[in-house]
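Below is one structure; the comments refer to it alone.
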Number of protein chains: 2
Amino acid sequence: MPKATVERLPLYLQCLQAMGDVESTVSSEELANTAGVNSANVRKDLSYLGSHGVRGVGYNRLELCTQLRRALGLIEKWSVVIVGVGNLGSALAKYRGFDASGFNVVGLYDADPAKLGHPVDGHYVKSMDDLELDIKEHDVSMAILTTPAAAAQSVADLLIEAGIRSILNFAPSLLKVPDEINCRQVDLATELQILSYYQAAGRA
Amino acid sequence: MPKATVERLPLYLQCLQAMGDVESTVSSEELANTAGVNSANVRKDLSYLGSHGVRGVGYNRLELCTQLRRALGLIEKWSVVIVGVGNLGSALAKYRGFDASGFNVVGLYDADPAKLGHPVDGHYVKSMDDLELDIKEHDVSMAILTTPAAAAQSVADLLIEAGIRSILNFAPSLLKVPDEINCRQVDLATELQILSYYQAAGRA
DNA sequence: AGCTGTGAACATATTCACAGCC
DNA sequence: GGCTGTGAATATGTTCACAGCT
């Protein structure tokens with residue numbers, strides 16, 4: 001499945017869910033409009049999931065949601081740890097959107113002893129020393145990294161060593177990871193800088 | 001300038017800054033390695049800024065930083081408002097990375113009267129009613145949207161009406177905006193879902 | 001010798017346009 | 001009639017490979 005397609009699947013899922021229970025069937029044109037995508041693109045993307053549309057009618061909304069969730073691996077419930085309980089880390093710990101889409105935050109970790117034991121959204125912040133055992137014990141395969149940039153790489157190494165296979169990195173620091181580890185970088189300042197570019201010259 | 005290039009410029013800037021003051025000259029190969037990009041790609045990207053490299057030598061690091069900042073419109077200091085002072089909104093208000101790259105958070109706004117007047121990182125949360133005047137008065141052209149999904153579109157409309165030209169949207173809701181408005185969507189759950197896809201089938 | 005800048009080749013992604021089916 | 005699924009056409013992005021400069 002093309003990378004570009006994979007990155008749009010969550011969007012489709014979101015759009016379908018936002019439609020509410022009113023529509024039982026959806027056309028590629030409708031979905032394309034709400035997702036801001038070309039309808040042929042939608043059809044091609046969905047065709048990678050197998051042909052579940054009906055010509056002359058459209059796609060069954062609920063069935064399509066299920067197909068999308070299956071394709072994205074959201075049938076299983078993933079356990080996630082958050083490492084770095086600063087402003088962003090604790091905000092993410094409290095963020096309800098993760099649970100809603102099949103992710104379960106099972107632990108928060110921080111290197112700062114002053115933070116240990118503090119409660120954040122029902123979790124007590126634990127020491128980095130607990131990370132490895134917890135990851136293995138709870139079969140955690142994803143981590144959200146919200147440490148300062150300077151610590152990010154060494155924490156990532158530690159996580160990978162402990163068996164983590166996917167990392168969502170919010171630290172403004174590019175991680176070097178082995179090929180078999182999935183890593184996505186979300187950089188807030190970068191996003192603003194891109195907006196700045198387009199705005200600076202009126203190039204909207 | 002190609003969209004793909006624009007989205008890499010902030011990365012180059014970050015890498016150059018992370019190198020510290022040790023290196024005064026950088027080759028496309030070095031930059032490519034730290035940025036995780038092909039070196040020909042780096043050279044092509046940088047060539048859009050004009051030819052500032054020296055054959056046989058490389059690029060002057062500080063000069064290149066300046067060129068990048070100029071291209072990204074980071075010479076001017078942009079004023080930004082944050083609308084929606086929930087967990088994420090207040091975390092972003094406290095995030096130092098914005099200031100560091102030329103953005104200045106000038107105000108926080110929330111629709112919830114219970115939050116009004118509360119201090120967050122030196123700012124007192126203001127009412128939505130103050131938005132329009134503040135935006136005009138302080139010549140604010142960028143907004144960070146951290147409201148619940150349900151409110152996002154109407155807040156966006158209000159912002160645009162008030163003169164905002166770029167929106168960074170964290171609400172999990174796709175905004176309909178006029179062509180001349182720059183809008184970027186950052187969806188945290190989406191990012192995890194993409195990781196989930198690659199992890200689910202061991203397709204790293 | 002070493003590195004940039006760039007045309008040409010390749011790869012990926014999007015869109016068009018229409019045959020095929022309900 | 002209306003909508004899907006998809007080959008063919010186009011557009012965008014990346015990489016190669018090397019001429020050209022210092």
Side-chain angles (χ1 to χ4, degrees), chain A residues 1-12 15-16 19 23-68 71 174 179 185 190 194 197-198 203, chain B residues 1-12 15-16 19 23-68 71 174 179 185 190 194 197-198 203:
Chain A
M1 179 133 50
K3 196 160 75 73
T5 295
V6 174
E7 305 199 342
R8 272 188 302 266
L9 297 186
L11 172 62
Y12 298 148
C15 290
L16 290 171
M19 281 175 189
E23 320 231 25
S24 76
T25 200
V26 192
S27 72
S28 62
E29 189 71 34
E30 281 179 84
L31 185 49
N33 284 338
T34 50
V37 171
N38 178 294
S39 69
N41 208 340
V42 170
R43 291 197 297 279
K44 193 155 279 190
D45 286 342
L46 296 184
S47 77
Y48 289 105
L49 310 179
S51 295
H52 299 286
V54 181
R55 291 168 199 237
V57 180
Y59 302 86
N60 179 289
R61 194 179 62 86
L62 286 176
E63 193 189 316
L64 190 50
C65 283
T66 306
Q67 298 300 338
L68 285 166
L174 218 62
D179 285 351
Q185 180 75 25
T190 292
I194 295 168
Y197 169 86
Y198 289 107
R203 300 156 292 202
Chain B
M1 177 135 48
K3 195 160 75 72
T5 295
V6 174
E7 305 199 342
R8 272 187 302 264
L9 297 186
L11 173 61
Y12 297 149
C15 291
L16 290 172
M19 280 174 189
E23 321 230 26
S24 76
T25 199
V26 193
S27 71
S28 61
E29 190 71 34
E30 281 178 85
L31 184 49
N33 284 338
T34 51
V37 170
N38 179 293
S39 70
N41 208 340
V42 169
R43 291 199 296 279
K44 194 154 278 191
D45 285 342
L46 296 184
S47 77
Y48 289 105
L49 310 179
S51 295
H52 300 285
V54 180
R55 289 167 200 238
V57 178
Y59 302 86
N60 178 288
R61 193 178 63 86
L62 286 176
E63 193 190 315
L64 190 51
C65 284
T66 307
Q67 299 299 338
L68 284 166
L174 218 62
D179 285 352
Q185 179 76 25
T190 293
I194 295 169
Y197 169 86
Y198 288 107
R203 301 156 290 204

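Lettering follows sequence order; numbering is per chain, from 1. These figures come from a predicted structure and were not determined experimentally.
Looking at the side chain of Ser51(A), the nearest of the listed nucleotides dG13(D), dG5(D), dA17(C) is dG5(D). For Arg55(B), counting side-chain heavy atoms from C-beta on, the closest listed nucleotide (dT4(D), dA19(D), dC16(C)) is dA19(D).
Residues Thr190(B) and Gln185(B) form no side-chain contact, since every pair of their non-hydrogen atoms from C-beta on lies 4.5 Å or further apart. Looking only at side-chain heavy atoms (C-beta outward), Leu16(A) and Leu68(A) come within less than 4.5 Å of each other. By the 4.5 Å heavy-atom criterion applied to side chains, Gln67(A) and Tyr59(A) are not counted as neighbours. Counting only heavy atoms from C-beta outward, the side chains of Thr25(A) and Val54(A) never approach each other to under 4.5 Å.
Lys44(B) has its NZ atom 11 Å from the C1' atom of dA9(C), to the nearest Å. Protein atom CG of Asp45(A) is 13 Å distant from nucleotide atom P of dT4(D), rounded to whole Å. At whole-Å resolution of the value, CG in Leu64(B) and P in dG5(C) are 10 Å apart. Between the C1' atom of dG5(D) and the CD atom of Glu29(A) lies a distance of 15 Å, rounded to the nearest Å. Counting to the nearest Å, the C1' atom of dC3(D) and the CG atom of Asn38(A) are 15 Å from each other. Atom CD in Gln67(B) sits about 16 Å away from atom C1' in dG5(C), given to the nearest Å. Asn41(A) has its CG atom 14 Å from the P atom of dT4(D), to the nearest Å. The nearest whole Å value for the distance from the NZ atom in Lys3(A) to the C1' atom in dG13(D) is 11 Å.
Closest approach of Ala35(A) to Leu174(B), counting heavy atoms only: O-CD2, 3.2 Å.
For the pair Ser28(B) and Ala4(A), both in contact range of DNA chain C, the more 5′-proximal nearest nucleotide belongs to Ser28(B). Toward the 5' end of DNA chain C, the nearer of the two residues Val37(A) and Ser47(B), judged by each one's closest nucleotide, is Ser47(B).
The shortest distance between the side-chain N/O atoms of Arg43(A) and the OP1/OP2 oxygens of dT15(C) is not below 4.0 Å. OP1 and OP2 of dG2(D) both lie 4.0 Å or more from every side-chain N or O belonging to Tyr59(A).
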